[in-house]
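Below, chains carry the letters A, B, ... as their sequence lines are ordered, and counting in each starts from 1.
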Number of protein chains: 2
Amino acid sequence: MKISRIELNSEQFFETGDKYFLPHLSLDCVIFGFHDNQLKILLLQWKDTFEWCLPGGFIYKDENIDTAAARTLNSRTGLDQIHLQQFHTFGGLDRQRGKEDTKKIKNMKGNSWLLERFVTIGYWALVEFSKVVPSPDELSSDCRWWNIDEVPTLILDHNNILLKALHSLQQNLNDYPIGKELLPVKFTMPDLQSLYETILNKKLDRRNFQKKVLAMGILERLNERKLGGAHKAPFLYKFNAKKYQKAMRDGLRFGLS
Amino acid sequence: MKISRIELNSEQFFETGDKYFLPHLSLDCVIFGFHDNQLKILLLQWKDTFEWCLPGGFIYKDENIDTAAARTLNSRTGLDQIHLQQFHTFGGLDRQRGKEDTKKIKNMKGNSWLLERFVTIGYWALVEFSKVVPSPDELSSDCRWWNIDEVPTLILDHNNILLKALHSLQQNLNDYPIGKELLPVKFTMPDLQSLYETILNKKLDRRNFQKKVLAMGILERLNERKLGGAHKAPFLYKFNAKKYQKAMRDGLRFGLS
DNA sequence: TTATCATTGTTTAATACCAACACAATAAAG
DNA sequence: CTTTATTGTGTTGGTATTAAACAATGATAA
């Protein structure tokens, strides 16, 4: 489905955005990628204040919130058809930009709807690093990947939102498969293990890990090895799309028997 | 903390509520209780349309969303200091009351802010059945418990919200202790097992269940038995408050080793 | 008063599962 | 060809889970 919406310039946006968007409500996306054995997230930098923040968005008055999240993700990455996981809604009283920002931010006046208090809906997404084309929006000067453990101080409570997203992702690992979205189509067992270790932030046993993920029944081993490394060449694997999706629906763990 | 807020009558509420509350945003509480071996939830009935719905509320412009949820819970049950678990935010385009409702609902006019499209934040809570004093609000004629499997058709997407809340609660059982909020102070092992079976909607093995919950290390067996039953009198237990809270914080399960 | 009943409390056995370890196979580098 | 670091696979011992056996007990009814 093609999403076509009005594009506002920053002045129009600051002054009349509340004609198009739900007031007091926003969404923020924590977009995870994986590259060079490092977990990364996509951050945006404000044009005038140079502050960093999560890529966020607003919800058109006649738009589903999940659709709005997908639209936001698409705008920053160019990607489509990505699973977005809503994980928490943040509604503290501190979620409001200060009046002093109007002095710094071009075109923003003291009565802008953006200076009101906002409740924000948090989503996270897993995307394939190499497929992303980071794109700043009208209000930002830069959009780029940051290593998860080098993220700077972000505006408002965005560092807290990131923390909660990471925690939600870690919880998710126990119940749902992961990797299809973060890895290239063909990958090795060490690649997958490294991904898990990075997200969970701990070392896993190589041999038991292999047994566990194979037991999930969502992997297919190819008759190919990844050559070029300094040592024994590991097999390449790919996900079985059907079984992967089934596991995404039904989950991998089960409760008390 | 005592919450003191303006009380509006229904006419004022319909006409000027948006002066006090965040527009387009609401919250809904799925309040679980347990009685006669049945899982129950608290529902509210609209005065004029006789439709049933989840007890919901709105968020004052200078109020934290979690505080608003606690206030709503308190208004319907009289209870304080209850853990409220936010589980999902619902933002479909169908979340809007029809214009025809103005004909049925007294004092509601066609331009009421309540007829706009709403995004709602879902919370669930576990409460002790016997301590609740169900109290309708200004707009509702009835407030009472319903067995979870006898819940009628609710307004908008409230049946779906309930379903998601139940699922979230079931997931929660795997990772966090439960029961302190739903059972009286002293209870038997069969009581606790019955609670788990009801929520999970499946039978559990009596002996293994006992071992499992005792292994959690949050129960204390009293030198008392529950007499009056037709057969062997079971021991009474109570929760160790400190250990229970620790388990609530840290969880009971751990991820991949 | 006593046998019966249904349920509870505890123990034990069979099974599945998992962390930890051992060792052979192998691609690249020298 | 030998060395090296890593990968692929198998084994082991311990732990957790499931399942079953059996004794204990409070109420009920003969």
Are there any protein N/O atoms within less than 3.5 Å of an N/O atom in nucleotides 3-5 of chain D, and if so, which ones and at what distance?
residue: D:dA5; atom: O4'; partner: A:H231; partner atom: ND1; Å: 3.2
residue: D:dA5; atom: O4'; partner: A:H231; partner atom: NE2; Å: 3.2
residue: D:dA5; atom: O3'; partner: A:H231; partner atom: NE2; Å: 3.3
residue: D:dA5; atom: N3; partner: A:H231; partner atom: ND1; Å: 3.4

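- Atoms CG (A:D205) and P (C:dA20) sit 7 Å apart, rounded to a whole Å.
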Please produce a list of atom pairs where a protein N or O lies less than 3.5 Å from an N or O of nucleotides 12-17 of chain C.
residue: C:dT12; atom: O4; partner: B:K211; partner atom: NZ; Å: 3.4

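- In terms of modelled atom types and a separation under 3.5 Å, the side chain of A:E51 and the main chain of A:L154 share no donor-acceptor contact.
- Not a single donor-acceptor pair under 3.5 Å links the side chain of B:H158 to the backbone N or O of B:C53.
- Between the side chain of B:R207 and the base of D:dA20 there is at least one donor-acceptor pair of N/O atoms closer than 3.5 Å.
- Following rounding to the nearest Å, B:N208 (CG) and D:dT15 (C1') show an atom-to-atom distance of 15 Å.
- With sequence neighbours excluded, the residues forming a side chain to side chain donor-acceptor pair (under 3.5 Å) with B:D191 are B:T188, listed by chain and number.
- Residue pairs meeting the salt bridge (charged side-chain N to carboxylate O under 4.0 Å, His left out) criterion with at least one member in residues 179-188 of chain B, sequence neighbours excluded: B:K186-B:E224.
- Distance NZ (B:K203) to P (D:dT18): 17 Å, rounded to an integer number of Å.
- Counting to the nearest Å, the P atom of D:dA20 and the CZ atom of B:R206 are 13 Å from each other.
- Within the structure, salt bridge (charged side-chain N to carboxylate O under 4.0 Å, His left out) contacts touching residues 31-42 of chain B (residues at least two apart or in different chains) do not occur.
- Note that the NE2 atom of A:H35 and the CG atom of A:L183 stand 12.5 Å from one another [nearest 0.5 Å].
- Of the possible donor and acceptor atoms, one in the side chain of B:D137 sits under 3.5 Å from a partner among the backbone N and O of B:S140.
- The interatomic distance linking B:Q210 (CD) with D:dT17 (C1') rounds to 16 Å, in whole Å.
- Atom P of nucleotide D:dA19 and atom NZ of B:K212 are separated by 10 Å, given to the nearest angstrom.
- Legend: residues meeting side chain to side chain donor-acceptor pair (under 3.5 Å) with A:D157, ordered by chain and number and at least two apart, are A:R95.
- The rotation axes computed at either terminus of the helix from C:dT1-D:dA30 to C:dG30-D:dC1 lie 10° apart, taking five pairs at each end and rounding to 10 degrees.
- Rounding to whole angstrom units, CG of residue A:L192 and P of D:dT7 are separated by 13 Å.
- Near DNA chain D, meaning a heavy atom under 4.0 Å away, the residues from residues 213-227 of chain A are A:R221.
- For B:F239, the ring pair (Phe, Tyr, Trp, His ring centres under 6.0 Å) partners are B:F187, B:Y244, not counting sequence neighbours.
- Qualifying ring pair (Phe, Tyr, Trp, His ring centres under 6.0 Å) partners for B:H88, counting only residues two or more places apart in sequence or in other chains: B:F90.
- Judged as a side chain to side chain donor-acceptor pair (under 3.5 Å), the pairs with a partner in residues 121-130 of chain A (not counting sequence neighbours) are, in order, A:D66-A:Y123, A:W124-A:S168, A:E128-A:S130.
- Looking at residues two or more places apart in sequence or on another chain, you find no side chain to side chain donor-acceptor pair (under 3.5 Å) involving B:Q171.
- The one candidate from A:I41, A:L126, A:L73 that meets the side chain to side chain contact (heavy atoms under 4.5 Å, CB included) condition with A:I31 is A:L73.
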